[in-house]
Every structure is written in C-alpha cells, then in structure tokens.
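Have a look at the structure below, then the notes.
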Amino acid sequence: MINREHISKKIGRLQEIEKQLSDPVVISNQKKFRELLLEHSSLKKLEDKFGKFMKLENDIAGHRELIDSPEADIELKDLAKEELQGLGEGLEKAEKELMAALLEPDPAEERNVIMEIRAGTGGDEAALFAGDLFRMYSRYFETKGWKVSLIDANSCEIGGYKEVVFSVNGNGAYGELRYEMGVHRVQRVPATEASGRIHTSAATVVVFPESRDDDHIEIPAEELRIDTFCSSGPGGQSVNTTYSAVRITHLPTGLAVQSQDERSQHRNKERCMSVLKARILDIRRQEEEEKRGKARRSQIGAGDRSDRIRTYNFPQNRMTDHRINLTLYSLDRVMEGDLRNLLEALRDHDMELRLKQEMENMA
C-alpha cells in the first residue's frame, strides 16, 4: 500500500540536497558530493514516478465520478468505462515502478569489482570447473564491453585453476555480479572417468566492490607484511627468476592477497593493495549494514559465500539457481556466457524482497 505522506516527506529532501550540492565545502568533498548526487538522482526518479501514479489515480477517480453521475451523457459514460480498464492496468504498473523507486540505492552498484574463483571439493575436476566458470564470466564480460584484468592465478597441470583472482572494469559491474557470490556445484562425467560415472564437485565465487580513493581506506605500513617471490606456473614450478610476485598479509585481520601476473613487482604490489582494500571495504559494509539492522540474508545478492547457490548439470543440459527456484535447460549457452536472463531474474527477485521489506517498514 502506498504511503503518500512517507513519499512526500522523502521528496521534500530534494530542495535541501540541491542547496548542499551548490555548497563549495560539499563540492570539495568528493565522497559526500557523489553520495548527494546519487540521492538526488534517486529522489528525482521517485518524484517522477509519484507524479505519474497520482495522475493516474486522479484520472481514475474522475472517470468513476463521470460514470456515477446521473446527469452525464450516456456516450461519455460508455467511453469512460472503456478507458477505465486501461487506466487500472496502468495504475498497477505505476504502483510497482513507484515502489521500486522507493528503494534506497546502493552506492556500490556502479563500481568495478574484484572476483575470486576457487576450486572446492572434487580435486582436479573442481579445478577444471573453476576454469570453466572463469571462461563463462569472461565471455559475458565481452558482450558487455567490460575489461578483465588478471591479478593472480594458481593453475593446474591438467587445466583449470585452483584459484583465480581478477578485476572487472565496467559501469554497473557490481550491481550485476554481486549475485554470483556463493558455491557453484557441477555434476558431469569427468574426462578422466573411464566408467562414465557422474561426479559432483564445486567451486566458490566471491565478489567485492572495488575500493575508491574517497573510501579513505588507510592501512598503516606496520600492519602489513610484504613478501616477494618468483612467479610460478602449473604445478608450482618457477616461470621466471626475478622476485616480481608479491604477497601482502594484513596482520590485524589475517587477510592475505598475492599477485604474480605482472612482471613488475611494483605493479603486483599495487594490485595486491587494490584487492586488500576491497576486502576491507566489504568487511566495513557488512558491519555498517548489521548496525543499521539490515537483514543481509534476506537479499539474494548479499548472502553467505558458503551457501550453495547454483547447480550445473551437464548430462541434462540443466542449470538450477536454488535461491529463486529457476531452472534453465540451456546450460550449453550459459557456459558460453549467456547470463543476461539469469542475472535479470536474480535482480528482479532481489527487488521483490527489498520491496517487501520496504512495505513492512512503511506499515
């Protein structure tokens, strides 16, 4: 149910925000200025949707008044009755759009991301599957025009990865890819299986929004342990003789990241710091959401990374997302990067959950 007073109060902040956006002090604070711009854009959208909703409500009320009037012309009444159904359908759509506009925007949605794919249970087959997932995502990124940069990879001699870490640069990357966090399970006959038995293995995907300068994540040097080593290839053998690979450990949290894809030690250190800051930012975000009382688990894009989210069944060409009970018999296309319909379904379901929570808050 639409709470008009609640919406009007939210829209009422527009004038105050516009005043702040013209304040030189606010303009000089990049983070605050960006947050206000995001809120302003969100409220302008809400104002537009609210205006359309109210107009339709007034139009429906006017048509009903005409139909109920004993003095109105019969032909006009008939015309009003014909238009009333279309107006009612339009009102339902406008109400849904209005409720969606009520949702608080996530400032991280437009950010670039850092993703990690790790082989789980299943030995070599899990590593091969981790490689397949990396290829699947890479194909999808190509369709979006997003840039992928490899940060670290621990590959296997038979193919695939025990672990692969990479960044994705693209507008709205985190808003789409956050739904991929969790355990991905695969069921298929391994190439090494002579008897043709189906094996089950898994890989874990983690997604972090990339940090920015205005996040002000300062890490004192004394909190870091920096180790350098020679880059390695499949099986762990050294592939160069210079200590260009870097591993950084954040002592207070125990977080450890490494990069060996670049030949430059300095560049690998930069990439390590980028991943480390993204992880620390993610911890901060979780803490802030818990303080605000937000139920992360009620939203499919913010669940526990140990949750099994999806099963890929190759013999049946079937992919099932367990969070939204969605099954697609087009696994071959999914593995080629055709993720658009899946990600849209996840986003729509997440919005429904958030709308439900918003309506409960308004009640």
Side-chain angles (χ1 to χ4, degrees), residues 113-141 148 152-166 168 173-174 176-208 279 282 286 296-350 353:
V113 301
I114 290 172
M115 294 184 69
E116 302 174 357
I117 304 175
R118 290 187 173 87
T121 56
D124 288 342
E125 173 62 14
L128 289 171
F129 180 52
D132 291 339
L133 288 178
F134 178 58
R135 178 177 176 273
M136 175 187 77
Y137 289 126
S138 297
R139 290 290 181 89
Y140 179 66
F141 302 152
V148 181
D152 187 41
N154 184 359
S155 55
C156 294
E157 291 181 355
I158 65 167
Y161 297 99
K162 292 179 182 178
E163 177 184 25
V164 58
V165 184
F166 53 97
V168 184
Y174 181 69
E176 288 195 32
L177 299 174
R178 60 183 175 181
Y179 304 115
E180 296 306 290
M181 181 180 289
V183 176
H184 297 239
R185 186 179 67 167
V186 62
Q187 296 172 328
R188 63 184 175 187
V189 179
T192 55
E193 177 58 58
S195 64
R197 289 185 304 156
I198 296 175
H199 283 222
T200 299
S201 55
T204 302
V205 176
V206 182
V207 183
F208 300 109
R279 287 182 172 180
D282 183 64
Q286 292 185 47
R296 285 173 62 89
R297 290 180 179 273
S298 72
Q299 298 175 19
I300 61 174
D304 194 301
R305 67 198 58 174
S306 63
D307 291 342
R308 188 189 71 186
I309 65 168
R310 197 174 294 153
T311 296
Y312 303 73
N313 186 298
F314 278 76
Q316 298 179 16
N317 196 35
R318 169 172 55 85
M319 187 230 66
T320 300
D321 194 288
H322 306 290
R323 297 163 295 178
I324 57 176
N325 297 319
L326 173 68
T327 296
L328 301 174
Y329 289 90
S330 54
L331 178 57
D332 53 343
R333 296 203 301 273
V334 170
M335 298 309 295
E336 288 298 320
D338 187 4
L339 300 177
R340 185 175 59 85
N341 291 337
L342 171 61
L343 294 179
E344 284 182 0
L346 288 164
R347 192 181 186 96
D348 289 345
H349 187 72
D350 189 44
L353 292 175

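We use all heavy atoms of the structure for the numbers below, so side chains are in, but hydrogens, waters and symmetry mates are not.
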So, for [X] and [Y], which heavy atoms are closest and what is the spacing to 0.1 Å?
X	Y	answer
Y174	V113	CA-CG1, 3.2 Å
Y179	R323	O-NH1, 2.6 Å
P190	R197	CD-O, 3.7 Å
V205	I117	CG2-CG1, 4.2 Å
E125	S201	CG-OG, 3.3 Å
A127	C156	CB-SG, 3.5 Å

TODO: Would you check, one step at a time, whether the test side chain to side chain donor-acceptor pair (under 3.5 Å) holds for E336 with Y140?
DONE: CA-CA 8 Å; E336 288 298 320; Y140 179 66; over 6 Å; no
Just so I know, are the side chains of E180 and L343 near enough to count as touching, which here means a heavy-atom distance under 4.5 Å?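 The answer is yes, as the side chains (C-beta and beyond) meet within the 4.5 Å cut-off.
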- Task: Taking the side chain as every heavy atom from C-beta outward, state whether R310 and L342 have any atom pair closer than 4.5 Å.
- Result: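 Side chain of R310 against side chain of L342, heavy atoms only: contact under 4.5 Å found.
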Quick one: list whatever passes ring pair (Phe, Tyr, Trp, His ring centres under 6.0 Å) with Y312, sequence neighbours left out.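 With neighbours one apart ignored, the set is F129, H184.
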Q) Is it true that E116 and R118 make a salt bridge, defined as a side-chain N closer than 4.0 Å to a carboxylate O? A)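 A salt bridge is present here (some side-chain N lies under 4.0 Å from a carboxylate O).
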* In plain terms, say whether R188 and D132 are close enough for a salt bridge, that is, a side-chain N and a carboxylate O under 4.0 Å apart. =>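 D132 and R188: salt-bridged.
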Test log, rule ring pair (Phe, Tyr, Trp, His ring centres under 6.0 Å), inputs F134 and F166:
CA-CA 9 Å; F134 178 58; F166 53 97; 4.9 Å; yes
